[in-house]
Amino acid sequence: MEIVSVRIGVEADIPRVRQVSDVIARSFSFENFARTRMITAILEITRNALQHGRGGRAYFQAERKAEHTWLKVVVEDQGDGLPDDSVFVKSRRPFRANLSQSRGMGLGLTGVQSLADSFDLRSSKEGTTAELAFQTSVPARELESRVEDVREKLGDLSATDPVAELSRQNRELAEAMAERELLIDEVHHRTGNNLSLIISFIQLSKRNAKEEETREAMAQLEARVHSVAKVHQELQRAHLGERISLLPLLENVARHAQDAFSNPEFDISISVFGDNANVVGAAAIDLGLIVNELVTNSYKHAFAGRQQGKVQIAFERGPDDEYWELSVQDDGGGIPEDMKPERSDSLGWRMVRAMATRHAGKITTSGEKGFRTSIKFPPEFASAGRDTSGSASSAE
């Protein structure tokens, strides 16, 4: 059933879309967080239509699906369609393109898919149509009465003071966001506790293991989980900000790897140095896991027949800021020139390749003076952090 349509032609139409979305969401009994989620998704799509599609129209509809009622929003624009090198993937990320974030497209559409209960996108040279759907708690038998109710409320909307109405909506949105932050804090608190509990179980199993191979496998698993847990702690310490300082994280990963694998008869020192840099949380997790895998490889393979050794970990900016480079170097026995361990089918190297590729990293290895792995990332992978008094540290 059609509810209403709203023109999207100028910036002033966006608040109108927000008002209409809020009235409809309330009429269909959406709770605070669900209402915020719905309005955020609709506004993102309508802004895209205005900024990239030369405007269009948003159609609000209600329909039955089995015993449930769904709200559907169809946003049509009049643009030239998505670029030829874009790909719409319905199963996961709806949009991928070789575009910079300044174009404002890829990230927004990906976010909309995660906010809507269903999302579809069709694009051609004649324009783009986005369909968002949200399941309601209203029984299907009440569809007609709810639609009549919301139409009446929308008819009264034009008689209200738009400034006062917008102020009320902004206040309620702020309250909903505060409630959301509390829920996220609780989730992160429980996640941190669960990760600590998992590490404790792994350590207990490692101590009770009788076979050396089992203890080694447990040590590797412990180091991997610890890398994820450490990033989680850093994100909480930064009040769940998007970026965290990388070098302190790598120092902690190195220290934990040394604790997990060293013993009185096997002393390996690990040093961490480089340029201060900040990365997003997802990248920090991947780099922590990569470093853990490469350090573990050095412990397992580089120092056969030796009681001492060194591993150096560096994250540095390349010449003329052309790239960021992560390197892990040991002073072990090295490898033959024609050997390419980075192409290995082992679990560790598959993980390293997958995580490096995720961030457009390019892996190279050399084995002339010990074994060295280098991964170069594009310049936008990290941002320069504040200088500190010490740019190098050691896990000795």
Side-chain angles (χ1 to χ4, degrees), residues 199 202-203 205-228 230 246-274 286-316 325-353 355-356 361 363-376 391-396:
I199 291 174
I202 294 172
Q203 291 172 339
S205 299
K206 183 177 67 174
R207 285 195 296 268
N208 293 334
K210 297 181 180 180
E211 300 293 334
E212 180 61 30
E213 183 178 353
T214 303
R215 287 195 294 270
E216 184 177 290
M218 286 295 176
Q220 292 182 46
L221 181 58
E222 177 189 349
R224 288 167 180 165
V225 177
H226 175 82
S227 297
V228 177
K230 183 57 183 176
L246 183 60
L247 286 184
L249 170 67
L250 298 184
E251 292 166 7
N252 191 280
V253 170
R255 188 178 302 110
H256 189 84
Q258 188 175 42
D259 292 341
F261 293 103
S262 291
N263 57 64
E265 298 178 355
F266 188 46
D267 182 22
I268 304 299
S269 66
I270 307 178
S271 59
V272 180
F273 62 93
D286 287 344
L287 260 66
L289 289 170
I290 287 173
V291 167
N292 175 73
E293 291 302 318
L294 296 177
V295 171
T296 299
N297 280 346
S298 292
Y299 269 93
K300 291 171 61 178
H301 306 297
F303 308 111
R306 293 173 50 179
Q307 295 180 326
Q308 293 183 331
K310 294 181 180 180
V311 178
Q312 291 185 331
I313 302 167
F315 188 79
E316 301 173 292
E325 181 183 27
L326 172 70
S327 63
V328 178
Q329 165 90 51
D330 64 54
D331 66 347
I335 59 172
E337 185 177 349
D338 58 348
M339 187 176 178
K340 299 294 181 183
E342 69 273 21
R343 299 178 185 174
S344 168
D345 198 39
S346 68
L347 174 61
W349 275 109
R350 291 204 309 270
M351 288 175 58
V352 170
R353 286 198 301 270
M355 289 181 286
I363 305 174
T364 58
T365 60
S366 60
E368 297 177 359
K369 297 180 180 179
F371 181 65
R372 183 178 191 271
T373 301
S374 165
I375 307 178
K376 292 182 179 179
S391 60
S393 68
S394 175
E396 295 184 60

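The analysis underlying the following values was restricted to heavy atoms, covering all of them including side chains, and did not include hydrogens, waters or symmetry mates.
The side-chain hydrogen bond (donor to acceptor under 3.5 Å, both in side chains) check on Thr373 picks up nothing, with sequence neighbours excluded. For Ser346, the side-chain hydrogen bond (donor to acceptor under 3.5 Å, both in side chains) partners are Ser344, not counting sequence neighbours. Taking Arg372 as the reference, Glu325 meet the salt bridge (Lys or Arg N to Asp or Glu O under 4.0 Å) condition, with sequence neighbours excluded. In this structure Lys369 satisfies the side-chain contact (heavy atoms from CB on, under 4.5 Å) test with no other residue, sequence neighbours excluded. Taking the side-chain contact (heavy atoms from CB on, under 4.5 Å) definition, one finds that Met339 meets it with Ile335, Pro336, Pro341, sequence neighbours left out.
In this structure, the separation between CE on Met355 and CE on Met351 is 4.0 Å, given to the nearest 0.5 Å. The distance from the CD atom of Glu293 to the CZ atom of Arg353 is 12.0 Å, given to the nearest 0.5 Å. Interatomic distance, His301 NE2 to Phe371 CZ, rounded to the nearest 0.5 Å: 9.5 Å. With rounding to the nearest 0.5 Å, the separation of OG in Ser374 from CG in Leu326 is 8.0 Å. To the nearest 0.5 angstrom, Asn297 atom CG is 11.5 Å from Thr365 atom OG1. Rounding to the nearest 0.5 angstrom, the gap separating the OG1 atom in Thr214 from the CG atom in Asn208 is 11.5 Å.
Considering only heavy atoms from C-beta on, Asp330 comes within 4.5 Å of Phe303 through its side chain.
The minimum heavy-atom distance between Ile290 and Ala356, with the atom names listed, is CD1-N, 4.0 Å. When every heavy atom of Gly274 is checked against every heavy atom of Leu247, the shortest pair comes out as O-CD1, 3.6 Å.
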List the steps, then state whether side-chain contact (heavy atoms from CB on, under 4.5 Å) holds for Leu250 with Phe273.
CA-CA 9 Å; Leu250 298 184; Phe273 62 93; over 6 Å; no

Review item, side-chain donor-acceptor pairs of residues 305-316, under 3.5 Å, at least two apart:
from	atom 1	to	atom 2	distance (Å)
Arg306	NE	Gln308	O	3.2
Arg306	NH1	Asp331	O	2.9
Arg306	NH2	Gln308	O	3.1

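A side-chain contact (heavy atoms from CB on, under 4.5 Å) with Val253 is found for one member of Val295, Leu287, Asn292 and no other, namely Asn292.
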